[in-house]
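What you see below is based on every heavy atom in this structure, not just the backbone, and it leaves out hydrogens, waters and symmetry mates. Numbers here are sequence positions counted from 1. Both counts, for ligands and for their atoms, begin at 1 and track the order of listing.
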Amino acid sequence: MSAQIIDGKAVSARVRAEVAERVRGLVARGVTPGLTVLLAGEDPASATYVRNKEKAALECGIRGATLRFPADVSAATLAAELDRLNADPEVDGILVQLPLPPGISAEDSRALQRRIAPEKDVDGFLPFNQGLLMIGEPGFVPCTPAGCMRLLAEAGVSPRGKHAVVVGRSNIVGKPMAMLLLAADATVTIAHSRTPDLAAVVRTADIVVAAVGRPGLVRGDWLKPGAVVLDVGINRLPDGKLGGDVAFAEAVSVASAITPVPGGVGPMTIACLLENVCRAAERRLPPA
Ligand code: NAD
């Protein structure tokens, strides 16, 4: 038996089309959603990510803008810029592209990220929004885990009553993923680098989310037959291709559904970011 391949490209195209439709509705009521990204320094990977976000935003009618700063920009300048954007009613979402240049200390970098107004934190990374997720109240949800939940829904998989194992405990993927699955009534285990006998833990899972950053870590014989597998990992392989955290060729004959890498979870992140920007802008509408 071969697993259903969950097509993240197709689902992300659907999400973007939905966002474009919502944006058209907003524009008709005088609200054009705006996303502004702060980019400091010359890191080429960051420049590419930011370009992709801006392009995706523009494609669905969101006013995307990137504010570029030289590598020697001071934390005070960026802080003043964030204050200005927080106060600008036409800016619905703000992102600070990481990493900030080496001249900005880790402490300043953290303080700058936390300076974004919670209602414009469309990445959902602020402690305030992570806290809302934790207590099950509406807020901005980090985009990659939100994308994973949408993929489950599109694949017809309800987490209710299932055992989900999330491998990885980062603040931007693993932990919020676990909270979303919990909110959807799964029984959730979070595994990580210090989990003994990871294979045995994964074998108990009906749903496996791999968010580690180690190519092929999750093997086919770690999976319960029929498990649903979401592979968040994006790893550059020695041959230059991209691969996930799951040994796809092995897993595909054991799982009932699986996301490929590339083309699975990856395309969902920007799509869910655009969705968050749209939600932020909808708050600007006058009451109906
Ligand atoms: P991270 O480095 O912050 O966290 C990795 C986690 O994996 C840690 O919690 C660690 O405990 C765990 N871990 C490390 N080695 C392990 C092992 N041998 N066994 C079990 N657990 C182990 O990474 P992250 O930011 O959460 O990203 C994880 C992966 O997802 C990366 O490959 C990243 O590129 C990818 N990612 C993809 C998207 C996307 O699809 N758009 C977004 C974010 C991250």
Side-chain angles (χ1 to χ4, degrees), residues 6-13 15-16 37 43 45-46 48-53 55-56 95-99 106 109-110 113 122-125 130 133 140-152 154 164-181 188-205 208-219 222-223 229-238 240-248 251 258-276:
I6 304 173
D7 184 348
K9 266 200 215 158
V11 177
S12 105
V15 173
R16 287 176 200 220
V37 186
D43 180 56
S46 293
T48 307
Y49 296 143
V50 168
R51 224 179 5 258
N52 288 343
K53 286 174 195 170
K55 184 165 164 276
L95 306 179
V96 174
Q97 184 63 41
L98 299 177
S109 173
R110 203 165 32 244
Q113 290 160 63
V122 286
D123 259 340
F125 291 170
Q130 297 258 9
L133 177 59
F140 288 115
V141 172
C143 306
T144 302
C148 287
M149 294 304 286
R150 176 73 188 251
L151 288 177
L152 284 179
E154 295 277 338
V165 172
V166 179
V167 191
R169 56 175 163 182
S170 72
N171 291 330
I172 63 169
V173 188
K175 284 184 207 162
M177 186 73 231
M179 286 302 126
L180 287 169
L181 287 162
V188 182
T189 299
I190 305 177
H192 48 78
S193 54
R194 299 280 182 257
T195 300
D197 201 353
L198 184 59
V201 175
V202 171
R203 243 176 239 123
T204 63
V208 180
V209 183
V212 178
R214 305 210 173 226
L217 175 80
V218 176
R219 308 301 304 255
W222 291 20
L223 298 172
V229 181
L230 299 177
D231 190 351
V232 181
I234 301 179
N235 306 292
R236 185 66 64 185
L237 305 176
K241 293 189 179 150
L242 289 182
D245 289 342
V246 178
F248 184 86
I258 185 168
T259 57
V261 177
V265 175
M268 294 301 294
T269 299
I270 288 186
C272 290
L273 170 70
L274 302 175
E275 225 173 18
N276 278 350

| request: Determine, stepwise, if the pair V141 / M149 fulfils side chain to side chain contact (heavy atoms under 4.5 Å, CB included). | output: CA-CA 11 Å; V141 172; M149 294 304 286; over 6 Å; no
| said: Distance check, rounded to the nearest 0.5 Å: L95 atom CG versus Y49 atom OH? | reply: 14.0 Å
| message | Checking side chain to side chain contact (heavy atoms under 4.5 Å, CB included) between V229 and each of V218, L223, T259, which is the one that passes? | response | L223
| message | I'd like to know if the side chain of Q97 pairs up with that of K53 as donor and acceptor (distance under 3.5 Å, no hydrogens or angles considered). | response | yes
| query | side chain to side chain contact (heavy atoms under 4.5 Å, CB included) with E275: which of M268, R150, R16? | reply | R150
| Contacts of T204 that satisfy side chain to side chain donor-acceptor pair (under 3.5 Å) - sequence neighbours left out | H163
| query | So which residues, sorted by chain and number, lie with a heavy atom under 4.0 Å of ligand 1? | reply | T144, V167, G168, R169, S170, I172, V173, H192, S193, L198, A211, V212, G213, R214, L217, V232, G233, I234, N235, V265, G266, T269
